[in-house]
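Reckoned from all heavy atoms, side chains included, excluding hydrogens, waters and symmetry mates. The shown structure was predicted, so the numbers you read here are calculated from the model rather than taken from an experiment.
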Amino acid sequence: MTLLSMEGVDVHYGDFQALYGIDLRLDEGETLAVIGANGAGKSTLLKTIAGLLRPSRGTVCFAGQDVGPLPAHRRVALGVALTPEGRRVFPSLSVEENLLVGAHLARTGPWRLSTVYELFPLVGERRTAMGHHLSGGEQQAVAIGRSLMSNPRLLLLDEVSLGLAPVVVARLYAALPAIAASGTTVLIVEQDVNQALRVADRVQCLLEGRTVLAGAADAFTREQIAGAYFGV
């Protein structure tokens with residue numbers, strides 16, 4: 001079943017056009033990696049799916065429903081959750097309080113405090129710590145857990161590896177198969193191509209707001225992916 005589809009989507013910031021005619025399909029249970037360099041339009045794409053930006057042209061459908069007119073909180077209630085770039089953990093709240101914020105519009109499903117702590121044991125150990133006392137990796141794990149607390153059908157992950165040490169990134173990526181196994185569909189935006197391709201079923205590469213490569217993650221050579229990534 002197609003869970004998410006986008007057809008001919010343009011997105012503008014005022015007079016500046018960030019996305020050009022984007023088509024995208026994501027089936028339920030899939031993991032899609034959207035890759036590209038800085039400024040490719042990856043975060044804009046996620047914000048458009050989440051409802052933080054509105055397309056100037058084209059359609060965004062979720063579970064067969066046109067969600068273009070719906071604000072972000074309505075999309076959360078339908079099952080769309082965004083883990084934003086930069087984590088955005090609330091510094092004055094504890095780890096557990098940050099997680100409970102994510103449950104405000106929660107759907108019925110497998111994710112609750114106990115299962116998030118099982119997925120990220122360090123988060124459970126730090127449950128009483130305040131947000132501003134967490135390391136970057138701990139904040140990223142809390143941000144992902146906060147999204148899971150809404151029991152999303154579609155989890156949007158924006159730049160999981162940004163600013164983190166490789167060993168921390170590896171631990172975070174090690175949790176993604178368990179998330180997918182729970183029935184959650186995952187769309188991950190990432191500059192770290194190697195990490196993204198290890199967990200993805202399909203890949204879509206953006207360059208200056210346009211799709212320049214799309215298909216099964218194992219269908220392309222590294223040279224083809226690098227060429228699309230850098231536009232050469």
Between the main-chain N or O of P84 and the side-chain N or O of K47, is there a donor-acceptor pair closer than 3.5 Å?
no

Do V80 and L156 have side chains that approach each other closer than 4.5 Å (heavy atoms only, starting at C-beta)?
yes

Show the numbers, then the answer: is there a side-chain contact (heavy atoms from CB on, under 4.5 Å) between I49 and M6?
CA-CA 9 Å; I49 296 168; M6 304 176 73; 3.8 Å; yes

Please round to the nearest 0.5 Å and tell me the distance separating atom CD1 of I225 and atom CZ of F220.
7.0 Å

First locate atom CD of Q140, then atom CG of L134, and finally report the distance between them rounded to the nearest 0.5 Å.
12.0 Å

Have T211 and Q204 got a donor and an acceptor in their side chains that come within less than 3.5 Å?
yes

How many angstroms lie between OH in Y13 and CG in L19, if you round to the nearest 0.5 Å?
7.5 Å

For W111, is there any backbone N or O sitting under 3.5 Å from a side-chain donor or acceptor partner on N151?
yes

Check: R112 side chain, P110 main-chain N or O, donor-acceptor pair, under 3.5 Å
yes

Inspect the surroundings of CZ in R88 and state if more than 12 heavy atoms from other residues, nucleotides or ligands are less than 6.0 Å away.
no

In sequence, state the C-alpha distance, the side-chain angles, and the governing distance for V168 and E138, and then conclude on side-chain contact (heavy atoms from CB on, under 4.5 Å).
CA-CA 9 Å; V168 175; E138 290 168 346; over 6 Å; no

Can you list every side-chain hydrogen bond (donor to acceptor under 3.5 Å, both in side chains) pair that touches residues 70-83, not counting sequence neighbours?
T83-S147

Is there a path from L154 to L52 through hydrophobic residues (I, L, V, M, F, W, Y) whose side chains come within less than 4.5 Å of each other?
yes

Would you please say whether a donor-acceptor pair under 3.5 Å links the side chains of D27 and T2?
yes

Smallest separation among heavy atoms of S182 and T184, with atom names:
OG-OG1, 3.1 Å

Rounded to the nearest 0.5 angstrom, the CZ-CD distance for R57 and Q17 is 8.5 Å

Apply side-chain contact (heavy atoms from CB on, under 4.5 Å) to the pair L207 and F230, showing each step before the final yes or no.
CA-CA 8 Å; L207 178 68; F230 294 109; over 6 Å; no

Does any part of the side chain of T59, heavy atoms only, come nearer than 4.5 Å to the side chain of V9, both counted from C-beta?
no

So does E30 get a backbone contact from the side chain of D201, meaning a donor-acceptor N/O pair under 3.5 Å?
no

Please determine whether residues F16 and L53 belong to a single hydrophobic cluster, defined as Ile, Leu, Val, Met, Phe, Trp and Tyr linked transitively by side-chain heavy-atom distances below 4.5 Å.
yes

Correct closest heavy-atom pair for G36 and Y229 would be O-OH, 3.4 Å

Rounded distance [0.5 Å steps], CD in Q139 versus CG in N98
9.0 Å

Would you indicate whether the side-chain heavy atoms of L3 and R153 approach each other to under 4.5 Å?
yes

So L157 and L46, do their side chains get closer than 4.5 Å, heavy atoms only?
no

Donor-acceptor pair, R126 side chain versus H133 backbone, under 3.5 Å?
yes

Look at the side-chain heavy atoms of Ile, Leu, Val, Met, Phe, Trp and Tyr, link any pair under 4.5 Å apart, and say whether L148 and L93 land in one connected group.
no

Find out whether L78 and L70 are in side-chain contact, i.e. whether some heavy atom of one side chain is under 4.5 Å from a heavy atom of the other.
yes

Donor-acceptor pair, side chain of R54 and main chain of P69, under 3.5 angstrom:
yes

Are L162 and V142 connected into the same hydrophobic cluster when the rule is that any two of I, L, V, M, F, W, Y join if their side-chain heavy atoms are below 4.5 Å apart?
no

Taking only distance into account, with no hydrogens and no angle test, what donor-acceptor pairs under 3.5 Å do side-chain atoms of residues 186-195 form with protein atoms, sequence neighbours excluded?
from: E190; atom 1: OE1; to: S161; atom 2: OG; distance (Å): 2.7
from: E190; atom 1: OE1; to: D192; atom 2: N; distance (Å): 3.3
from: E190; atom 1: OE2; to: S161; atom 2: N; distance (Å): 3.3
from: E190; atom 1: OE2; to: S161; atom 2: OG; distance (Å): 3.3
from: E190; atom 1: OE2; to: Y173; atom 2: OH; distance (Å): 2.5
from: Q191; atom 1: NE2; to: N38; atom 2: OD1; distance (Å): 2.8
from: D192; atom 1: OD1; to: N194; atom 2: N; distance (Å): 3.4
from: D192; atom 1: OD1; to: Q195; atom 2: N; distance (Å): 3.2
from: N194; atom 1: OD1; to: R222; atom 2: NH1; distance (Å): 2.4

Hey, are the side chains of T128 and S94 touching, using non-hydrogen atoms and a 4.5 Å cut-off?
no

Derivation and outcome, side-chain hydrogen bond (donor to acceptor under 3.5 Å, both in side chains), residues E96 and Y117
CA-CA 10 Å; E96 192 153 295; Y117 293 151; 2.5 Å; yes

V203 side chain reached by L197 side chain, heavy atoms, under 4.5 Å:
yes

Provide the closest heavy-atom pair for P177 versus A174 in the form atom of the first, atom of the second, distance.
CD-O, 3.4 Å

Hydrophobic cluster membership, with links at side-chain heavy-atom distances under 4.5 Å among I/L/V/M/F/W/Y: are L172 and L155 in one?
yes

Rounded to the nearest 0.5 Å, how far does CG of L26 lie from CZ of R202?
6.5 Å

Taking CD in E118 as the centre, count heavy atoms belonging to other residues, nucleotides or ligands within less than 6.0 Å. Is the count above 12?
no

Could you check L24 against V60 for side-chain contact (heavy atoms from CB on, under 4.5 Å), going step by step and ending with a plain yes or no?
CA-CA 9 Å; L24 182 149; V60 179; over 6 Å; no

Side-chain contact test, heavy atoms from C-beta onward, threshold under 4.5 Å: evaluate it for V123 versus L99 and give yes or no.
yes

Of all residues at least two apart in sequence or in a different chain, which pass the side chain to side chain donor-acceptor pair (under 3.5 Å) check with S43?
E85, D158

